[in-house]
Amino acid sequence: MKILTTQIRGLLERIAEGQDESMEETARLLAQALVGEGRIILTAFDEMEAVTATALDGVEPMEGAIRYTKELELTTADRVWLLVRRADHPAALELARELADQFIPFAVLAADKEEDDNELASLAYTYISTGLKKGLIPGPTGERIVQPHALAALFVYEAVKLSIDDMLADEDDELL
């Protein structure tokens with residue numbers, strides 16, 4: 001338990017320190033939808049659905065957030081947040097290409113680094129990497145186990161949501 005706790009703490013600290021600017025940029029991008037006529041559209045794949053569940057059904061839901069569906073008609077006022085374990089996820093890449101073709105701004109959260117061969121990162125307006133490429137602790141036969149992608153994504157979600165809430169509070173203060 002101590003090793004797991006230490007490794008998760010390290011993962012979250014690396015994300016907080018290495019991705020703080022990207023998280024702020026993502027919050028700014030998503031907040032644009034709320035100060036305009038748009039919506040925050042959450043598109044999560046696989047275990048990243050935990051973020052959508054938290055944003056929509058959690059104790060403190062994300063203002064203006066809805067779940068993506070193929071039937072949804074998007075506008076350029078909307079902002080999409082694509083959450084995926086790996087940047088080479090075929091359905092995520094297909095959606096990212098469609099969004100880019102429609103000039104709909106979107107952010108991405110994935111484990112992969114923002115490198116030259118990362119098409120998803122190159123299409124996105126903002127990109128956050130969890131850096132989680134392999135398991136955090138050694139397994140019984142030497143393989144790396146425990147890949148808490150959902151936990152890392154929830155951490156990033158909470159940080160981004162805090163920033164959005166702060167931005168919206170500042171916006172409200174300016175109106176008073």
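Atom set for the values below is all heavy atoms of this structure, side chains included, hydrogens, waters and symmetry mates excluded. For the single chain, residues carry numbers from 1 onward in sequence order. Note that the structure is a prediction, hence the values are computed from the model and not measured.
- Annotation: salt bridge (charged side-chain N to carboxylate O under 4.0 Å, His left out) contacts of Asp165 (sequence neighbours excluded): Lys161.
- Counting only heavy atoms from C-beta outward, the side chains of Val84 and Thr43 never approach each other to under 4.5 Å.
- Proximity of Val156 to Leu83: side-chain heavy atoms (C-beta onward) are nowhere separated by under 4.5 Å.
- We find the CZ-CG distance between Phe155 and Leu12 to be 5.0 Å, quoted to the nearest 0.5 Å.
- Within 6.0 Å of atom CD in Glu60, 12 or fewer heavy atoms from other residues, nucleotides or ligands are found, so the atom counts as exposed in its surroundings.
- Taking CG of Leu11 as the start and CD of Gln147 as the end, the distance is 11.0 Å to the nearest 0.5 Å.
- Residues Gln7 and Ile137 form a side-chain contact, since some pair of their non-hydrogen atoms from C-beta on lies under 4.5 Å apart.
- With values rounded to the nearest 0.5 angstrom, Leu93 atom CG is found 9.0 Å from His89 atom NE2.
- The ring-ring contact (aromatic ring centres under 6.0 Å, His included) analysis of residues 15-44, with sequence neighbours excluded, yields no pairs.
- Legend: side-chain hydrogen bond (donor to acceptor under 3.5 Å, both in side chains) pairs involving residues 130-139, not counting sequence neighbours, sorted by first then second residue: Asp112-Lys133.
- In this structure Thr69 satisfies the side chain to side chain contact (heavy atoms under 4.5 Å, CB included) test together with Glu71, Leu72, sequence neighbours excluded.
- Here the closest non-hydrogen pair linking Ile145 and Gly139 is CD1-CA, 3.8 Å.
- Separation of atoms CD1 (Ile40) and CH2 (Trp81) is listed at 9.0 Å; rounding is to 0.5 Å.
- A pairwise comparison of heavy atoms in Glu114 and Ala121 identifies CG-CB, 3.7 Å as the closest pair.
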Run Thr75 and Ile104 through side-chain contact (heavy atoms from CB on, under 4.5 Å) and show every step you take. CA-CA 7 Å; Thr75 72; Ile104 300 195; over 6 Å; no
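- Transitive grouping of hydrophobic side chains (ILVMFWY, heavy atoms separated by less than 4.5 Å) brings Leu151 and Leu132 into a common cluster.
- The minimum heavy-atom distance between Ala110 and Ala87, with the atom names listed, is CB-N, 4.1 Å.
- No continuous path of ILVMFWY side-chain contacts below 4.5 Å connects Leu29 to Leu162, so the two sit in separate hydrophobic clusters.
- Closest approach of Val59 to Pro61, counting heavy atoms only: O-CD, 3.4 Å.
- In this structure, the side chains of Arg86 and Leu120 stay at 4.5 Å or more apart for every pair of heavy atoms.
- Here the straight-line distance linking atom CG of Asp78 with atom CD1 of Ile41 works out to 4.5 Å at 0.5 Å rounding.
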Trace of the side-chain contact (heavy atoms from CB on, under 4.5 Å) decision for Met62 with Ile164: CA-CA 9 Å; Met62 178 181 264; Ile164 291 172; 3.9 Å; yes
Would you sort out whether Phe106 and Leu95 count as a side-chain contact (heavy atoms from CB on, under 4.5 Å), showing the intermediate values? CA-CA 10 Å; Phe106 68 96; Leu95 178 58; over 6 Å; no
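- Of all heavy-atom pairs spanning Phe45 and Leu82, the tightest one is CE1-CD2, 3.2 Å.
- Residue Leu109 is grouped with residue Leu30 when hydrophobic side chains (ILVMFWY) are merged at heavy-atom distances under 4.5 angstrom, including chains of intermediate members.
- Two residues are said to be in side-chain contact when any heavy atoms from C-beta on lie closer than 4.5 Å; Pro105 and Val80 fail this criterion.
- Partners of Arg85 by salt bridge (charged side-chain N to carboxylate O under 4.0 Å, His left out), not counting sequence neighbours, listed by chain and number: Asp46, Glu47.
- Pairs engaging residues 17-38 under the side-chain hydrogen bond (donor to acceptor under 3.5 Å, both in side chains) rule: Glu24-Ser163, Thr26-Thr126, Gln32-Arg79 [sequence neighbours left out].
- A salt bridge does not link Glu63 with Arg39: every distance from a Lys NZ or Arg NE/NH1/NH2 to an Asp or Glu carboxylate oxygen is 4.0 Å or more.
- Between Ile66 and Leu42 there is no side-chain heavy-atom pair separated by less than 4.5 Å.
- In terms of hydrophobic clustering, with Ile, Leu, Val, Met, Phe, Trp and Tyr side chains grouped at heavy-atom distances under 4.5 Å, Met23 and Tyr127 are assigned to different clusters.
- Follow the hydrophobic side-chain contacts under 4.5 Å out from Val51 and you reach Leu34 in the same cluster.
- Separating the OH atom in Tyr157 from the CE atom in Met48 is a distance of 14.5 Å, to the nearest 0.5 Å.
- The nearest pair of heavy atoms linking Gly131 to Lys113 is CA-NZ, 3.8 Å.
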